Structure formats: structure tokens, C-alpha cells
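Only heavy atoms go into these numbers, but all of them, side chains included; no hydrogens, no water, no symmetry mates. Bear in mind that the values here come from a model prediction, so they are computed numbers and not experimental data.
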Amino acid sequence: MVQRKKLREKIEKAIKRSVITTILGPRQCGKTTISRMIGANHHATFFDLEDPVSFQALKSSPEQLLSEQKGLIVLDEIQRMPELFPILRVLSDRTDSSARFLLLGSSSPFLMKHVSESLAF
């Protein structure tokens, strides 16, 4: 497995700097793999939106579920649930939260529009 040390360091720096960090790229390029490496250091909570269990959990009460989380929260395949972007915007503005969000998704014009609107740089 390629360790991608410099890339991991850049992502770690972005997570410390910003409440929301986004990794975009084509399918099967290693987004999930590198997020799991980083997440292991942060004891991250993972939601894979291609997994029916994660999808349903977030679909039923997304704001409540996400607002209860602490630390790093990874949302993989975020493009499958665009309704999360307004919720993430609200959660990222809360000063009393210790949560950080790492969003993973396939690069597309639709996703880029929502990421930029949610202030997720």
C-alpha cells in the first residue's frame, strides 16, 4: 500500500485549520483508504453513504445524529446525500462544537457547487 505521507500531512493540516475538509476525486483513487489512515489517528466516526445502514441513519435525523458526534466525522460518498450540505453549514458555524468533518466524494459539477456553498474549503 502506498503511504502517501505528504498527502496525509496536507490533509491533517487542513483538518486542524478548518471545520470542514473535502477530498474529491474519481472513484477508486484512494480517498477512503487515506481517510481511514487519518481517521485511525483521530478515532473518527465513519458514515459510508453507500452502506444502507449509514445512509438510513443519516436520512432519518441527520442534524441530530451529526450534532451529537465529537472529533473527526468522515462522510464518504457525500454526493449521495446533498441535503446534508445545509446541515453541515449550520454545524460548522457552531462555536461550541469540537467536531471536524472530512467529506469524501466523486468530483462532479453538482458536488462542487454544494461544497462551495457550504463553505467547505
Next on the checklist: Listing request: all salt bridge (charged side-chain N to carboxylate O under 4.0 Å, His left out) pairs with a residue in residues 54-67, at least two apart in sequence or in separate chains.
Outcome noted: K59-E83, E63-R94
Item to check | pair I20-L103: side-chain heavy atoms closer than 4.5 Å | outcome: yes
Checklist entry - How far does CZ of F55 sit from CZ of R80, to the nearest 0.5 angstrom? => result 5.5 Å
Checklist entry - Which residues pass the salt bridge (charged side-chain N to carboxylate O under 4.0 Å, His left out) test with K70, sequence neighbours left out? => result none
Next on the checklist: As a test of understanding, state which of V53, L65, V74 forms a side chain to side chain contact (heavy atoms under 4.5 Å, CB included) with F47.
Outcome noted: L65
Checklist entry - Got a sec, which residues hit side chain to side chain contact (heavy atoms under 4.5 Å, CB included) with Q28, two or more places apart in sequence or on another chain? => result none
Checklist entry - Between I78 and L84, is a side chain to side chain contact (heavy atoms under 4.5 Å, CB included) present by the stated rule, with each step listed? => result CA-CA 8 Å; I78 189 73; L84 290 179; 3.8 Å; yes
Item to check | Pairing residues for E68 by the side-chain hydrogen bond (donor to acceptor under 3.5 Å, both in side chains) criterion, not counting sequence neighbours | outcome: Q64
Item to check | Reported CD-to-CG distance for the pair Q69 and L75, which is rounded to 0.5 angstrom | outcome: 9.5 Å
Item to check | Heavy-atom pair of closest approach, residues S106 and R27 | outcome: OG-CG, 3.7 Å
Checklist outcome for this item: Residues passing the side chain to side chain contact (heavy atoms under 4.5 Å, CB included) test with L7, sequence neighbours excluded, are R4, I11, I34
Checklist outcome for this item: Test side chain to side chain contact (heavy atoms under 4.5 Å, CB included), reference F101, set T22, L91, T21, output is L91
Checklist entry - Closest approach of S54 and F46, non-hydrogen atoms and distance? => result OG-O, 4.5 Å
Item to check | side chain to side chain contact (heavy atoms under 4.5 Å, CB included) assessment of I23 paired with L102 | outcome: CA-CA 8 Å; I23 303 174; L102 180 58; 3.9 Å; yes
Item to check | For Q56, side-chain hydrogen bond (donor to acceptor under 3.5 Å, both in side chains) partners two or more places apart | outcome: none
Item to check | Verdict with supporting geometry, I38 and L72, side chain to side chain contact (heavy atoms under 4.5 Å, CB included) | outcome: CA-CA 9 Å; I38 292 167; L72 184 62; 4.2 Å; yes
Checklist entry - After noting the C-alpha distance and the side-chain angles of K16 and R100, does the key distance pass the side chain to side chain contact (heavy atoms under 4.5 Å, CB included) rule? => result CA-CA 8 Å; K16 289 177 185 170; R100 293 276 194 251; 5.9 Å; no
Next on the checklist: Just to verify, what does D48 make a side chain to side chain contact (heavy atoms under 4.5 Å, CB included) with, not counting sequence neighbours?
Outcome noted: E50, D51, D76, E77
Item to check | Sequence-distant partners of R36, side-chain hydrogen bond (donor to acceptor under 3.5 Å, both in side chains), two or more places apart | outcome: none
Checklist entry - Which heavy atom of L24 sits nearest a heavy atom of K31, and at what distance? => result C-CD, 3.9 Å
Checklist entry - Hey, are the side chains of L88 and L66 touching, using non-hydrogen atoms and a 4.5 Å cut-off? => result yes
Item to check | Minimum-distance pair of heavy atoms, taken over all atoms of I87 and P62 | outcome: CD1-CG, 3.5 Å
